[in-house]
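Encoded as structure tokens, the structure appears first; notes follow it.
Just so it is clear, the values below take in all heavy atoms, side chains as well, and ignore hydrogens, waters and symmetry mates. Each chain gets a letter, A, B and so on, in the order the sequences are listed, and its residues count up from 1. No experiment lies behind these values; they were computed from the predicted model shown.
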Amino acid sequence: MLVREKKEKIHGLPDLENVEGKVVMRIAPGPSGPLHIGHTRVAILNDEYVKRYGGKLICRFEDTNPDKIEPDAYDMIKEDLEWLGVNIDEYAVQSERFQYYYDITRKLIEMGHGYMCTCDGDEWRKMKEEMRPCPCRDLPVKENLERFERFLAGGYGDGEAVAVIKTAIDHPNPAIRDFVALRLVRHPHPKTGTKYVAYPMMNLSVTIDDHLMGMTHVIRGKDHLNNTLRQEYIYDYLGWKKPVFHHYGLVNIPDTVLKTSLIKQSIRDGEYTGWDDVRTGTVRALRRRGIRPEAIRRYWVENGIKPIDIQFSWDNLFAMNRDLIDDKADRYFFVADPVRYDIEGGDDLKGRAPLHPDHPERGWREYHVGGYKTVYLSEADSLMFSQAGKVRLKDLCNISYGTPAVYDGNDVSILKEGVRAIQWVCGESVRAEVLMPDGTSVKGLVEKAILDGKGDMVQFERFGFVRVERRSPEGVICIFAHR
RNA sequence: GCUCAUGUAGUGUAGCGGCCAAUCAUUCGGCCCUUUCGAGGCCGACACCCGGGUUCGAAUCCCGGCAUGAGCACCA
């Protein structure tokens, strides 16, 4: 009883502060590509809290940097979220909301909290570093408003002007001093074309949308800590109520490719097969490898929302996934880099093995080696066999080394003496190829019973869990998940 | 350089003044079970960054140091 209570606590996320009834939360992906494993953390955490407290979860596409947008990403992200089991109540797109950003920036300028800067960008930054206001900062409101309208109308050339929010020019933290709110972009936007030239910077659009959409809690990465501090100026200027902010630590994800621009380039170059290439860490690649969304969820829930930086552990994720699939995955023998052995002696060789050792009721794989009595062993097991001299073909019989190999009875008890049981296939097997996460592939043979199998996750005994991508008598294509 | 954040086993986490000679998961090692190096069972290994202080008592509070990370973009 006591033990159970303790366990429940450990596996749960801590409560949020200041929850009054329902919550409104959001995830805000930039549509530059599909989601990768790193993005799933914020999605899962927000989803978990909305499910706990009730309320709504908004997915807001932050598409305010037109030259980084991948037009397909809007749909891909939506699919990824659905697959993850993240329940989105509303979708919003920032490129449809520019009017809000303009109206509120105008208001801030009117209030004297913003200005239009026409200084050279480098010089403006240099002055900020020295805590000196630029000449535009103290221009009269009227002049700033005129510049603002001219700015919206496209009356400035690229880089000639920006709208700036004032904070404290002498703020001890250089990252907080005056920040750009709107900039000029002439690059056409995939959704709005060249309709707008004035584009909001993230700190402006995020703040306005979070307020307008009624966000109660914002969970995001620690890299946004300073952005939060900047955004608080806007909340204060306008007398808006601030959401509760939470910043979780950064995640370092090893051994995979996550950078969207890099993946995109490799796809274009034909090196990667697509966004679901197994060498990448995209959600669709993990899905293709047979990682269950529940495993990803459990992983992030157990990681919590602490602000410390963490190291992502594939081992831990795989262990959670194994937990989920082990009971469902049927077992088959797969032989990598097959080496042929003929067996001399013994009579009509027959054997059978359960599809799953814990579930004999699911049925059996029947073996009838008979006839030529030809089997194939993996290259590694063949080598081991030659050194050990004796080996058990699991669920069939024992053999002694030689060419041909010699039938050596069917006494299972030799396993107790240290003889190894190995996997094998007979002549009636199917070609199989297993695509590995590093992009290589392992070719071999798999028992033909796999063709009648259902369910996409199977275990190749002593090889690992794989997802079956294609089943056909000509060959089976699998993706390696983990051991 | 400045500013901010954080420091519990290999990894992630619990604990947040006495119940902690520190939890759980994973990892690793051993044993049992098993015709898989899968699953299951049992046992074991590994940690409170350092130094001061407060206190009867500190992983827990305070200060300093150190370390790590982030930001200082007309990216998000």
Side-chain angles (χ1 to χ4, degrees), chain A residues 3 6-7 9-12 14 28-32 62-65 67-68 94 117 119-122 124-125 128-129 131 158-164 171-177 179-185 198-199 201-203 205-206 220-230 247 249-252 254 298-304 306-320 322-323 325-327 329 331-333 351 353-354 356-358 392-398 410-416 419-423 459-465 482-483:
Chain A
V3 174
K6 216 171 185 179
K7 263 192 177 167
K9 210 177 171 191
I10 284 161
H11 290 294
S32 54
E62 310 223 314
D63 56 346
T64 54
N65 183 8
D67 63 43
K68 272 193 189 164
Q94 287 195 319
C117 181
C119 300
D120 175 75
D122 290 336
W124 179 72
R125 273 189 292 274
K128 277 207 306 176
E129 208 167 297
M131 299 189 186
D158 273 348
E160 280 180 13
V162 287
V164 178
H171 197 289
N173 183 347
I176 313 291
R177 296 172 204 153
F179 60 90
V180 177
L182 293 163
R183 62 167 177 153
L184 292 168
V185 179
Y199 276 72
M201 301 298 291
M202 174 262 229
N203 278 307
S205 50
V206 163
R220 57 181 168 199
K222 210 171 83 171
D223 49 327
H224 288 297
L225 259 166
N226 282 323
N227 288 321
T228 299
L229 295 174
R230 296 203 263 224
H247 299 93
L250 266 28
V251 191
N252 184 16
R298 196 183 134 199
Y299 185 84
W300 291 127
V301 168
E302 289 198 8
N303 271 265
K306 293 208 307 188
I308 58 170
D309 297 340
I310 59 173
Q311 197 66 28
F312 184 86
S313 164
W314 290 105
D315 262 357
N316 285 14
L317 176 68
F318 292 155
M320 291 171 189
R322 191 183 299 119
D323 228 30
I325 62 172
D326 178 62
D327 199 60
R331 270 56 171 171
Y332 297 101
F333 291 172
H356 193 293
D358 304 331
R392 173 161 180 83
L393 300 178
K394 190 171 178 249
D395 301 305
L396 187 72
C397 67
N398 307 329
N410 195 12
D411 182 4
V412 179
S413 69
I414 61 160
L415 294 175
K416 304 234 186 261
V419 174
R420 307 288 306 272
I422 61 169
Q423 283 64 27
Q459 188 203 43
F460 286 169
E461 286 193 22
R462 266 174 73 244
F463 181 84
F465 290 92
H482 47 74
R483 288 195 60 87

So Gly121(A), base contact, sugar-phosphate only, or nothing? Heavy-atom distance under 4.0 Å. base

Considering only C75(B), A25(B), G71(B), which nucleotide approaches the side chain of Arg298(A) most closely? A25(B)

Rounded to the nearest Å, what distance is computed from the CD1 atom of residue Ile308(A) to the P atom of nucleotide C48(B)? 16 Å

Would you mind classifying the nucleic acid contact of Asp158(A) as base, sugar-phosphate or nothing, using non-hydrogen atoms under 4.0 angstrom? nothing

Give Arg220(A) one of three labels, base, sugar-phosphate or nothing, depending on what nucleic acid heavy atoms sit under 4.0 Å from its own. nothing

Heavy atoms only, 4.0 Å cut-off, all strands: where does His224(A) land among base, sugar-phosphate and nothing? base

Comparing nearest nucleotides in RNA chain B, the 5'-proximal residue of the pair Met202(A), Glu461(A) is Glu461(A)

Distance in angstrom units between Tyr299(A) OH and U13(B) C1', rounded: 10 Å

Less than 6.0 Å separating the ring centroids of Tyr299(A) and Phe312(A)? yes

Between P of A67(B) and CG of Asp309(A), the distance in whole Å: 16 Å

Just checking Gln311(A): base, sugar-phosphate only, or nothing, at a heavy-atom cut-off of under 4.0 Å? sugar-phosphate

Considering every strand and a 4.0 Å limit on heavy-atom distances, what is the contact class for Pro357(A): base, sugar-phosphate, or nothing? base

Classify Arg331(A) by what it touches in the nucleic acid, base, sugar-phosphate, or nothing, heavy-atom distance under 4.0 Å. base

Which is true for Glu129(A) with a 4.0 Å heavy-atom rule: it touches a base, it touches only sugar-phosphate, or it touches nothing? nothing

Say we look at C20(B) and A59(B): how far apart would their P atoms be, to the nearest angstrom? 13 Å

Integer-rounded Å distance: C75(B) C1' and Asp63(A) CG: 14 Å

Check this one for me: any side-chain N or O of Lys306(A) less than 4.0 Å away from OP1 or OP2 of A14(B)? yes

Across the strands shown, which category fits Thr64(A) at heavy-atom distances under 4.0 angstrom: base, sugar-phosphate, nothing? sugar-phosphate

Any base atoms under 4.0 Å from Asp358(A), or only sugar-phosphate, or nothing? Heavy atoms, all strands. base

Around atom CD of Glu129(A), are there more than 12 heavy atoms from other residues, nucleotides or ligands closer than 6.0 Å? no

What is the nucleic acid contact for Met320(A), judged by heavy atoms within less than 4.0 Å: base, sugar-phosphate only, or nothing? nothing

Walk me through it: do Asp315(A) and Ser313(A) pass the test side-chain hydrogen bond (donor to acceptor under 3.5 Å, both in side chains)? CA-CA 5 Å; Asp315(A) 262 357; Ser313(A) 164; 5.3 Å; no

Could you measure between the two P atoms, the one in G29(B) and the one in G65(B), and give it in whole Å? 43 Å

Between C2(B) and U11(B) - P atom distance, rounded Å: 30 Å

Please give the distance between the C1' atoms of U34(B) and C42(B) as a whole number of Å. 15 Å

Strictly below 4.0 Å, N to O, side chains only: are Asp326(A) and Arg331(A) in salt-bridge contact? yes

What contact category does Gly159(A) fall into here, base, sugar-phosphate, or nothing, at under 4.0 angstrom with non-hydrogen atoms? base

Tell me what Val180(A) touches on the nucleic acid: a base, only sugar-phosphate, or nothing, going by heavy atoms under 4.0 Å. sugar-phosphate

Any Arg183(A) side-chain N or O less than 4.0 Å from OP1/OP2 of A73(B): no

With nearest nucleotides of RNA chain B determined for Asn65(A) and Phe465(A) from heavy-atom distances, which residue corresponds to the more 5′ nucleotide? Phe465(A)

I'd like the C1' distance from A47(B) over to A21(B), given in whole Å. 13 Å

Which part of the nucleic acid does Cys119(A) contact within heavy-atom distance under 4.0 Å: base, sugar-phosphate only, or nothing? base

Parallel, tilted or perpendicular for Phe463(A) and Phe460(A), by the 30°/60° rule? tilted

